[in-house]
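Please read the structure below before turning to the comments.
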Amino acid sequence: MASVATDYTNQVVYTDEVADFSPEIVEEMRAHLVKYPADRKRSALIPLLFVVQRERGYIDNEGVNFLAKFLDLEVTDVWETATFYSMFNMRPVGKYHIQVCKTLSCRILGEPEITGHICDRLGIKPGETTEDGLFTVTRVECLGSCGTAPMMQIGFDYHEDLTIEKVDRLLDTLKAGK
Ligand code: FES
């Protein structure tokens with residue numbers, strides 16, 4: 001079947017192609033799979049999505065097709081999990097993926113100013129990546145750190161009790177490659 005661009009995310013291109021992973025990566029996936037009962041393969045979906053994202057840079061259609069076959073699931077089962085969690089990216093992101101929490105506590109305590117400041121400094125809008133591929137900024141739902149709002153996640157690290165000054169120091173550090 002030919003690739004079909006859809007407006008699902010404006011980024012995903014659907015195909016029947018299946019990702020080809022090396023034997024080592026398939027073995028790593030099997031190691032996750034055996035942690036769960038044989039009739040509960042679906043339970044391995046989240047760790048396997050992390051493997052696909054690491055290997056392919058984001059959750060792409062071919063990777064989803066692979067997981068559907070690997071876990072005996074419908075493709076839609078895989079998509080509905082992948083698209084539910086903001087930790088999975090449906091498109092390539094920069095080296096530093098800045099995910100700013102936009103939910104109530106963070107929003108009340110300054111998220112709009114924080115996001116605006118980050119975007120102004122980087123010259124992009126939320127959802128965009130800088131031309132040098134270093135930074136992507138995304139506004140996401142609650143990251144479970146409401147008591148230290150406003151906050152954001154970069155990679156796997158949380159940055160909390162944000163102020164404009166803190167954000168500036170952080171961006172300077174990341175830009176300097178430290
Ligand atoms: S509202 Fe921002 S972490 Fe919960």
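Counting starts at 1 for both ligands and their atoms, in listed order. Below, all heavy atoms of this structure are taken into account, side chains as well, without hydrogens, waters or symmetry copies.
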If the cut-off is 4.0 Å to any non-hydrogen atom of [X], which atoms of ligand 1 fall inside it?
| X | result |
| --- | --- |
| S105 | 1 (S) |
| C101 | 1 (S), 2 (Fe), 3 (S) |
| T103 | 1 (S) |
| S145 | 3 (S) |
| L143 | 3 (S) |
| G144 | 3 (S) |

When you measure from the side chain of [X] to the backbone of [Y], do you find a donor-acceptor pair of N or O atoms at a distance under 3.5 Å?
| X | Y | result |
| --- | --- | --- |
| E128 | C119 | no |
| Q153 | G155 | yes |
| K166 | E160 | yes |

Legend entry - Straight-line distance of D161 CG to S145 OG, nearest 0.5 Å: 8.0 Å

Inset, instruction - Hey, can you tell me if F66 and F70 have their rings parallel, tilted or perpendicular (30° and 60° cut-offs)? - result: parallel

Legend entry - N, O or S atom of C142 closer to atom 2 (Fe) of ligand 1 than 2.8 Å: no

Legend entry - Metal check, atom 4 (Fe) of ligand 1 vs C146 N/O/S, cut-off below 2.8 Å: yes

Legend entry - pair E74-E80: side-chain heavy atoms closer than 4.5 Å: no

